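Naming: A, B, ... by sequence-line order, numbering from 1 per chain. The structure presented is a predicted model; accordingly, all values stated were derived computationally and were not measured.
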Amino acid sequence: MKYKSLTGTRDVLPEEQPYWRYIEKKIIKVTSLFGFVRVDPPIFEETALFARGVGEGTDIVEKEMYTFQDKGKKSITLRPEFTAGFMRLYLQNGLYVRTKPVKLYSVGPIFRYERPQAGRFRQHTQFNVEALGEQDPSVDVEVLSLAHQLYTEIGFKDITFQLNSTGCPQCRPAYIQKLRHYYTKHSEIICPDCQRRLDKNTLRLLDCKVENCQPVKAGAPVIRDHLCLECQDHFSALLHYLDLLDKPYSINHTLVRGLDYYTKTVFEVWAQGIGSQSAMCGGGRYDGLIEQLGGPPTPGIGFGSGIERIIISMQEQDISPEQDAPPRAFLIHAGKEAKNKAIQTAFELRQNGFPALFSFTDRSIKAQLREANKFGAHFAVIIGDQELEQNAAAVKNLKDGTQSLIAFSDLLQFFQNIE
RNA sequence: GUGGGCGUAGCUCAGCUGGUCAGAGUACCAGGUUGUGGCCCUGGUGGUCGCGGGUUCAAAUCCCGUCGCUCACCCCA
């Protein structure tokens with residue numbers, strides 16, 4: 001084979017489609033219950049939007065974007081995440097005049113040039129939710145419980161949030177200072193990666209998995225103890241609401257997220273079976289982002305959830321997507337004239353809304369029946385010389401094996417009565 | 001960008017101390033009823049053993065290179 005799918009991309013074959021349709025169905029249901037409306041920003045935007053929106057220093061911007069020049073010499077980037085595009089859409093279309101919060105969602109492909117591994121692809125699909133224009137903690141709960149209900153509806157048991165607050169521009173710098181100071185004292189024992197994080201990405205020190213760093217990590221100052229009053233209040237109110245709704249969470253002081261724009265609330269939902277990647281959902285609040293992009297001060301909170309990871313996790317946990325296979329007929333012919341009749345009948349049934357298939361090749365009745373069975377047909381409609389003589393077809397119910405002769409003129413009605 | 005593992009029929013893999021080693025399961029096709037499926041039985045189609053080079057009388061099997069895949073790190077859904 002000369003051509004292969006590119007690294008980190010995958011084909012979704014027919015067998016996997018039921019998962020996709022099942023999840024889409026649940027997304028439509030839950031978003032509508034919560035009053036979120038769908039928007040679809042384009043898949044590519046000008047590069048600067050993502051550079052500013054996601055953050056110049058982030059790995060995504062520094063090394064993971066699919067950036068290229070179009071024929072007009074403009075720098076274009078395939079979206080590496082949804083949020084920046086949502087912000088642009090929100091500002092450009094004046095959605096800020098609508099009643100707040102403006103609750104939006106979308107589903108679509110995301111592109112990041114990364115080394116693939118279990119549960120990670122260069123093209124993956126995200127379900128993304130954003131609530132814009134209101135900073136009350138009840139909006140945080142709105143978004144979190146949407147995620148919770150979605151996963152529960154899909155069939156996951158015991159969904160628990162990993163929760164943290166990463167503060168705001170008022171209180172975070174001081175905490176980072178403190179953290180850096182603490183780690184500097186232990187700089188000789190920590191791993192090389194942590195050495196680098198120390199000045200480049202200080203918060204990420206808390207995320208290190210290296211054994212030797214764990215004792216240092218365990219003694220590190222906790223951000224919750226260093227939040228400003230506003231952030232403290234926001235966090236406790238959020239916890240209060242979660243308790244009120246009985247949504248399980250676990251406060252994770254080491255949960256930090258890789259995008260610069262997060263403020264206050266950050267959260268993830270973890271799942272089994274995605275390799276070392278455990279986040280099925282990740283998001284948080286970003287109260288400064290829109291302003292940073294040139295808009296009016298607008299708080300926001302949202303999350304992204306990887307559909308592929310949801311599917312992997314469903315398979316891991318034996319959650320199968322229910323699929324409703326409508327009954328359908330398979331036309332079987334023996335002889336040329338019968339084939340004509342079979343083809344005509346198939347088209348007539350289809351035109352009247354009843355699914356019908358027929359065999360293209362002139363194989364034995366037995367082979368055609370096997371074919372019918374393989375396609376999951378409910379009925380085999382057998383047409384041969386005998387049937388043609390009687391102007392009727394032998395209709396066999398493949399579920400219970402019964403068979404009866406039905407006049408051609410009654411066939412359509414017969415099948416329409418099935419449903 | 002870094003490190004480990006692997007590349008044999010459409011798919012999942014066995015064979016890999018070099019010499020019936022080109023195999024199994026599954027899928028596909030056909031037969032087991034003269035016009036009737038699902039289970040079962042039998043047979044068949046199907047492979048440059050990733051690619052290139054080297055060692056050898058002889059390589060899927062050893063060595064080198066190369067491409068690809070995969071898992072993990074970084075980071076992320």
Among the candidates [options], find the nucleotide nearest to the side-chain atoms of [X].
X	options	answer
A:Arg115	B:U36, B:C69, B:U70	B:U70
A:Lys366	B:G32, B:G35, B:C73	B:G32
A:Arg370	B:G31, B:C74, B:U36	B:G31

Looking at every strand, decide which applies to [X] at a 4.0 Å heavy-atom threshold: base, sugar-phosphate, or nothing.
X	value
A:Thr58	nothing
A:Glu387	base
A:Lys374	sugar-phosphate
A:Ile60	nothing

Verify the distance criterion only: is there a donor paired with an acceptor across the side chains of A:Thr77 and A:Thr67 at less than 3.5 Å?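 Short answer, yes.
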
Under 6.0 Å from the six-membered ring centre of A:Tyr113 and within 45° of its axis: does the NZ or CZ of A:Arg122 meet both?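 Output yes; distance and angle both within limits.
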
Using only side-chain N and O atoms of A:Lys63, determine if any of them is under 4.0 Å from OP1 or OP2 of B:C74.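 No, A:Lys63 has no side-chain N/O under 4.0 Å of OP1/OP2 on B:C74.
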
Decide if the gap between the ring center of A:Phe111 and the ring center of A:Phe44 is smaller than 6.0 angstrom.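 Ring centres of A:Phe44 and A:Phe111 not closer than 6.0 Å.
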
Identified pairing partner of B:A59, criterion: Watson-Crick or G-U wobble below 3.5 Å: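 B:A59 is unpaired by these criteria.
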
